[in-house]
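All of these numbers come straight from a predicted model, not from anything done at the bench. Throughout, protein chains are lettered first and strands after them, A, B, ... in sequence-line order, and every chain is numbered starting at 1.
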Amino acid sequence: MQFPLIPTYHRINYHLPQGVAGASAHTPMKPVADALQKRELRLMKNREAARECRRKKKEYVKCLENRVAVLENQNKTLIEELRTLKDIYRHKVE
DNA sequence: CCCGCCAAACGTCACTTTCA
DNA sequence: TGAAAGTGACGTTTGGCGGG
């Protein structure tokens with residue numbers, strides 16, 4: 001994979017809100033600063049959201065794995081029990 | 001040491017879902 | 001219905017480990 005010189009998400013004007021990225025010398029710079037600040041806030045929130053999302057997913061997967069382990073044990077026990085009962089039955093009919 | 005490789009964690013974007 | 005939160009996908013970074 002090619003390593004981009006400047007990753008897209010580090011480019012200053014990347015995906016600024018509509019009508020802001022191309023601010024010319026004639027337009028005041030404040031809206032640009034506001035938009036940048038807004039973008040930074042959005043990125044920060046999303047960063048944290050992504051972390052939380054991964055944490056929850058990891059926890060969920062761990063729960064599922066625990067459940068699998070429990071069910072596998074139950075299954076083993078039941079198979080063993082069935083074997084025992086079959087043995088008892090066989091001895092009775094003999 | 002210094003690589004190359006791998007897995008896990010990360011940041012961002014784009015899209016979806018939720019909720020006031 | 002629009003803003004905010006949640007999440008899948010993708011590319012990047014990081015840290016550990018074995019082999020030369």
Side-chain angles (χ1 to χ4, degrees):
Chain A
M1 165 208 352
Q2 268 307 30
F3 196 90
L5 221 50
I6 305 172
T8 53
Y9 46 82
H10 288 150
R11 289 178 203 150
I12 294 298
N13 279 338
Y14 187 71
H15 274 200
L16 278 178
Q18 289 281 334
V20 175
S24 72
H26 301 296
T27 54
M29 293 313 286
K30 192 156 184 304
V32 176
D34 282 355
L36 277 174
Q37 206 170 351
K38 231 177 167 180
R39 170 181 156 77
E40 283 312 307
L41 187 66
R42 178 163 50 79
L43 288 182
M44 197 182 81
K45 279 189 175 178
N46 187 242
R47 202 178 301 144
E48 277 159 24
R51 261 198 287 250
E52 177 64 9
C53 183
R54 288 186 195 111
R55 191 192 62 75
K56 278 162 94 180
K57 187 174 180 177
K58 223 171 145 183
E59 198 176 290
Y60 174 68
V61 168
K62 206 183 279 180
C63 275
L64 288 181
E65 286 170 346
N66 280 345
R67 183 153 172 71
V68 166
V70 166
L71 290 175
E72 278 176 350
N73 275 337
Q74 277 183 7
N75 199 34
K76 261 188 210 158
T77 306
L78 288 171
I79 287 171
E80 190 51 42
E81 193 179 331
L82 179 61
R83 200 196 315 277
T84 308
L85 290 173
K86 276 181 172 175
D87 267 2
I88 292 172
Y89 177 74
R90 197 175 327 121
H91 285 115
K92 280 207 165 180
V93 294
E94 277 171 6

The correct set of residues in residues 45-54 of chain A placing a heavy atom under 4.0 Å from DNA chain B is A/N46, A/R47, A/A50, A/R51, A/R54

For A/L64, check side chain to side chain contact (heavy atoms under 4.5 Å, CB included) against everything at least two apart and list the hits. A/Y60

Return the NZ to CD distance between A/K57 and A/E52, rounded to the nearest 0.5 Å. 14.0 Å

Return the residues of residues 55-67 of chain A meeting this criterion: a heavy atom under 4.0 Å from some atom of DNA chain B. Order them by number, or give none. A/K58

For A/E59, the side chain to side chain contact (heavy atoms under 4.5 Å, CB included) test, sequence neighbours excluded, returns A/R55

Qualifying residues under side chain to side chain contact (heavy atoms under 4.5 Å, CB included), relative to A/E48, sequence neighbours excluded: A/M44, A/R51

Residues two or more places apart in sequence or in another chain: which of them pass salt bridge (charged side-chain N to carboxylate O under 4.0 Å, His left out) with A/E81? none

Students should find that the hydrophobic cluster of A/V61, defined by side-chain heavy atoms under 4.5 Å apart, otherwise consists of none

Separation of atom CE in A/M44 from atom P in C/dA4, rounded to whole Å: 14 Å

Name every donor-acceptor pair, under 3.5 Å, that has one atom in a side chain of residues 87-94 of chain A and the other anywhere in the protein, sequence neighbours excluded.
from, atom 1, to, atom 2, distance (Å)
A/D87, OD1, A/R90, NH1, 3.4
A/D87, OD1, A/R90, NH2, 3.2
A/H91, ND1, A/D87, O, 3.0

Residues forming a side chain to side chain contact (heavy atoms under 4.5 Å, CB included) with A/R83, sequence neighbours excluded: A/I79, A/E80

